[in-house]
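Just so it is clear: chains get the letters A, B, ... in the order the sequence lines come, proteins before strands, and each one is counted from 1.
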2 protein chains.
Amino acid sequence: MAVDLFLERGFEETTVEDICARAEISRSTFFRYFPSKEDTLFERTADTGRAWLDALVARPAGEQPWAALRGSLDPRIEQLAAGGENVKRLMRLIVATPALAARHREKNAYWQELLRPEVARRLGAEPGDTADPRADAMIAAALGCLDAALKAWASSDRAAELPVLLDRAMSVVD
Amino acid sequence: MAVDLFLERGFEETTVEDICARAEISRSTFFRYFPSKEDTLFERTADTGRAWLDALVARPAGEQPWAALRGSLDPRIEQLAAGGENVKRLMRLIVATPALAARHREKNAYWQELLRPEVARRLGAEPGDTADPRADAMIAAALGCLDAALKAWASSDRAAELPVLLDRAMSVVD
DNA sequence: TCTAAAGTGGGACTCAGTTCCATATATGGA
DNA sequence: TCCATATATGGAACTGAGTCCCACTTTAGA
């Protein structure tokens, strides 16, 4: 819906009123459904985050934390890869649009908070120890690798498959 | 100047007009000097990025890329640590304010672009190969570690010193 | 002292997002 | 079937950030 407009004319060039016109709803109704224009593209953030956390919790207890994170990302990148060219187009739009890139990073920050307790546990950190940067660091690193892999995947015609790119990205730092 | 107002009443609660009133300038003049309200706090982004890049370029040629990045961050964390309590307060404001946190991450994204060529070179990547995610991944990981260390440093009264925290953060992933 | 350029301010404008209130449309019970 | 009560929708006015354009003033250089 709104995505089509964004891809046609660009995100900044599309006003909320344009979206409302196409969807045949009022501005009031729009802002009842979406907290902001950006959020039309980031609806499933919470669900996806929870699914990722579930996947991480399900990893073997003895597995190294970094390997567990890598493993927990398999469902996510499969889901993205299944989206094919549509997901790539969306990715490129996000990368090219400052406001959307910002919202994307905010999503990552949210996921970081969500995963922190489980990663901290796997690292053997004191629960609630705000002075221990390790869990945050490891999740942020993993997210950085994921984003780097996604960007390479989306912005290159002849890029490798997503799992290969993610392995390449994550191996550089381990 | 504007920082004081933000620390007093909060960022969202301070309007550009408030800042103009205190600085005794007009809105026009304000927006001639700062592209946005957020940017009153992120003036030296380009300079700091360039200094970081210089520090990285100055690292020994044979050094491992990850170690070179760690070493190149020494001047930066020294500078931040020298700021002491003022920097911590600012850090906490940024972390607690979504719009400022977003601007902070945007700064990181800018630095990532700035460092990419040099890191790619040190990784032996093909110049301009957008399908190689390694440089982006490594820089994003380093920035994630830096932010985790900064957050731990700023938000805990009895936190260790910044270099120790950064080492702890970066070692978790290497 | 004159002149050009740079700095400053005023004011109108667009658009996102908020708030409050009025109206319509379901839904469930008597 | 009818009524009462949510719940969804729309309208309208408002705030605040950011843009644009034009007028005025200050500064600097010849």
Side-chain angles (χ1 to χ4, degrees), chain A residues 1-47 49 90-110 113, chain B residues 1-47 49 90-110 113:
Chain A
M1 206 75 242
V3 200
D4 303 328
L5 282 173
F6 297 157
L7 289 171
E8 281 171 30
R9 2 177 161 167
F11 178 80
E12 299 294 352
E13 290 70 25
T14 306
T15 68
V16 169
E17 230 164 332
D18 294 336
I19 305 172
C20 292
R22 166 133 351 165
E24 292 182 314
I25 58 171
S26 69
R27 266 173 44 91
S28 303
T29 303
F30 176 88
F31 281 112
R32 202 174 315 280
Y33 281 101
F34 303 102
S36 76
K37 197 169 81 169
E38 287 83 356
D39 281 286
T40 54
L41 297 186
F42 294 88
E43 278 189 276
R44 321 207 66 72
T45 291
D47 293 345
L90 191 55
M91 244 8 247
R92 287 194 291 263
L93 177 68
I94 290 173
V95 169
T97 310
L100 293 178
R103 187 66 187 71
H104 175 81
R105 291 189 284 262
E106 193 180 319
K107 181 187 70 179
N108 281 352
Y110 169 74
E113 272 188 54
Chain B
M1 205 74 243
V3 200
D4 303 327
L5 282 173
F6 297 157
L7 290 171
E8 281 170 30
R9 5 177 159 165
F11 178 80
E12 297 295 352
E13 290 70 25
T14 305
T15 68
V16 169
E17 230 164 331
D18 293 336
I19 304 172
C20 292
R22 165 130 356 164
E24 293 182 313
I25 57 171
S26 70
R27 266 173 44 90
S28 302
T29 302
F30 176 88
F31 281 112
R32 202 175 316 279
Y33 280 101
F34 303 103
S36 75
K37 198 170 79 169
E38 287 83 355
D39 281 285
T40 54
L41 297 185
F42 294 87
E43 276 189 278
R44 320 207 66 73
T45 291
D47 292 344
L90 191 56
M91 236 23 238
R92 288 194 291 265
L93 177 69
I94 290 172
V95 168
T97 309
L100 293 178
R103 188 65 187 72
H104 175 81
R105 291 188 284 263
E106 193 180 318
K107 181 187 69 179
N108 281 353
Y110 169 74
E113 271 189 55

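- For the pair B/Thr29 and C/dG9, the criterion of a side-chain N or O lying under 4.0 Å from OP1 or OP2 is met.
- Remark: side-chain polar atoms of B/Lys37 are paired, donor with acceptor, to backbone N or O of B/Thr14 under 3.5 angstrom.
- Judged as a ring-ring contact (aromatic ring centres under 6.0 Å, His included), the pairs with a partner in residues 8-39 of chain A (not counting sequence neighbours) are, in order, A/Phe6-A/Phe11, A/Phe30-A/Phe34.
- Residue contacts shown for B/Phe34 are absent, as no nucleic acid heavy atom lies under 4.0 Å away.
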*Scan nucleotides 12-27 of chain D nucleotide by nucleotide, 5' to 3', and note B when protein non-hydrogen atoms come under 4.0 Å of the base, S if they reach only the sugar-phosphate, - if neither.*
B---SSBB--------
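- Scored by the salt bridge (Lys or Arg N to Asp or Glu O under 4.0 Å) test, A/Arg32 finds no partners at all (sequence neighbours excluded).
- One atom, OH of B/Tyr33, and another, P of C/dA6, lie 13 Å apart when rounded to the nearest Å.
- The salt bridge (Lys or Arg N to Asp or Glu O under 4.0 Å) analysis of residues 10-21 of chain B, with sequence neighbours excluded, yields the pairs B/Arg9-B/Asp18.
- Residue A/Glu24 contributes atom CD, which lies 17 Å from atom C1' of D/dA8 at whole-angstrom precision.
- Shown here are the salt bridge (Lys or Arg N to Asp or Glu O under 4.0 Å) partners of B/Arg27, two or more places apart in sequence or in another chain: there are none.
- Listed by chain and residue number, B/Asp39 satisfy the salt bridge (Lys or Arg N to Asp or Glu O under 4.0 Å) test with B/Arg103 (two or more places apart in sequence, or in another chain).
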